Q: 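Mind having a look at this structure? Questions to follow.
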Amino acid sequence: FSTDNAKELTFNTQVKGVPMMTAALGLLFKSSRFDTSLIYKIIGAQYLNAYTGPASAANYNDPNQQIMPYGLLDFDFTWKTGHGVLQLNAYNVTNSQPFLSVVQTALTSSGLMNHIAPSSVLLTYKQRLW
């Protein structure tokens, strides 16, 4: 668990894009044949806006531009087979897709919203050749 107190110097407000806290909790198991882990990460509230107006603290940390805290659950399983290794990774198992940012582009009059990537699975096999 960590608290991230990143303050802008002029008005003493939280810096854009820096979560106010982060934490992780996990289960790990290791044996001679396989390893596995289940990790839950929590990312605290953060602000999207940077300074955009006249010199005042009101132009920072707008509650309408705050990302609420969110969590991500990742799973890993690695199985050792003779000269090879089979690995299964599942990312964002709960399919949490919080709103993260808005990107303004010249192609659109409105912004594009960014989210965390949806759930995904990666299966890998590695074989020692000699």
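This one's a predicted model, so the numbers in the text were calculated from it and none came from an experiment.
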Q: On a heavy-atom basis, which atom in Gln97 and which in Ala117 lie closest, and how many Å separate them?
A: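 Result for this residue pair: NE2-C, 4.0 Å.
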Q: Is Ile43 linked to Tyr91 within one hydrophobic cluster, defined over Ile, Leu, Val, Met, Phe, Trp and Tyr using a side-chain heavy-atom separation of less than 4.5 Å?
A: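 Shared cluster, no.
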Q: Test of understanding: clusters of I, L, V, M, F, W, Y form through side-chain heavy atoms closer than 4.5 Å, transitively. Do Met68 and Tyr70 belong to the same one?
A: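 Looking at the clustering, Tyr70 is in a separate group from Met68.
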Q: Hey, any chance Leu72 and Phe75 share a hydrophobic cluster, counting ILVMFWY side chains that come within less than 4.5 Å of each other, even indirectly?
A: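 Result: no, two separate clusters.
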Q: Minimum heavy-atom separation for Met21 and Phe1, please, with both atom names.
A: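 Closest approach of Met21 to Phe1: CE-CE1, 3.1 Å.
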Q: Please examine the side chains of Gln87 and Leu122, heavy atoms only from C-beta on, and report whether any two atoms are closer than 4.5 Å.
A: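 A side-chain contact under 4.5 Å is absent here.
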Q: Apply side-chain contact (heavy atoms from CB on, under 4.5 Å) to the pair Gln46 and Met20, showing each step before the final yes or no.
A: CA-CA 6 Å; Gln46 55 189 295; Met20 295 178 190; over 6 Å; no
Q: List the atom of Asp4, the atom of Pro19, and the distance in Å for their closest heavy-atom pair.
A: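 Distance-wise, the nearest heavy atoms are CB-O, 3.0 Å.
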Q: Where the side chain of Asp76 meets the backbone of Thr36, is there a donor-acceptor pair that is under 3.5 Å apart?
A: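 Flag not set: sc Asp76 to bb Thr36 has no pair under 3.5 Å.
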Q: Can you get from Phe77 to Val93 by hopping between Ile, Leu, Val, Met, Phe, Trp and Tyr side chains that sit under 4.5 Å apart?
A: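 Yes; Val93 is reachable from Phe77 via cluster members.
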Q: State, yes or no, whether a side-chain contact exists between Asn89 and Thr78 at a heavy-atom distance under 4.5 Å.
A: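 No - every pair of side-chain heavy atoms lies 4.5 Å or more apart.
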Q: Using a 4.5 Å cut-off on heavy atoms from C-beta on, say whether the side chain of Leu38 contacts that of Leu73.
A: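 Yes, close enough: below the 4.5 Å cut-off.
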Q: For a quick test of reading the model, state the closest non-hydrogen atom pair linking Ile39 to Leu28 and the distance between them.
A: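 Where Ile39 meets Leu28 most closely, the heavy atoms are CD1-CD2, 4.0 Å.
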Q: Kindly compute the distance separating CG (Asn92) from CG (Asp74), expressed to the nearest 0.5 Å.
A: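 It is 7.0 Å, given to the nearest 0.5 Å.
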Q: Heavy atoms only: give me the nearest Asn95-Ser119 pair and the separation to one decimal.
A: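 Reported closest heavy-atom pair: OD1-N, 3.0 Å.
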Q: Taking all atoms of both residues into account, what is the closest heavy-atom pair of Tyr40 and Gly71, and its distance?
A: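 Smallest heavy-atom distance, with atoms named: OH-CA, 3.4 Å.
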Q: Taking the side chain as every heavy atom from C-beta outward, state whether Val85 and Arg128 have any atom pair closer than 4.5 Å.
A: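 In short, these two side chains do not touch, never coming nearer than 4.5 Å.
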Q: Kindly indicate, with the supporting measurements, whether the criterion side-chain contact (heavy atoms from CB on, under 4.5 Å) is fulfilled by Leu27 and Phe29.
A: CA-CA 7 Å; Leu27 298 171; Phe29 180 80; over 6 Å; no
Q: Please lay out, stage by stage, how Val121 and Leu88 fare under the test side-chain contact (heavy atoms from CB on, under 4.5 Å).
A: CA-CA 7 Å; Val121 175; Leu88 172 73; 3.4 Å; yes
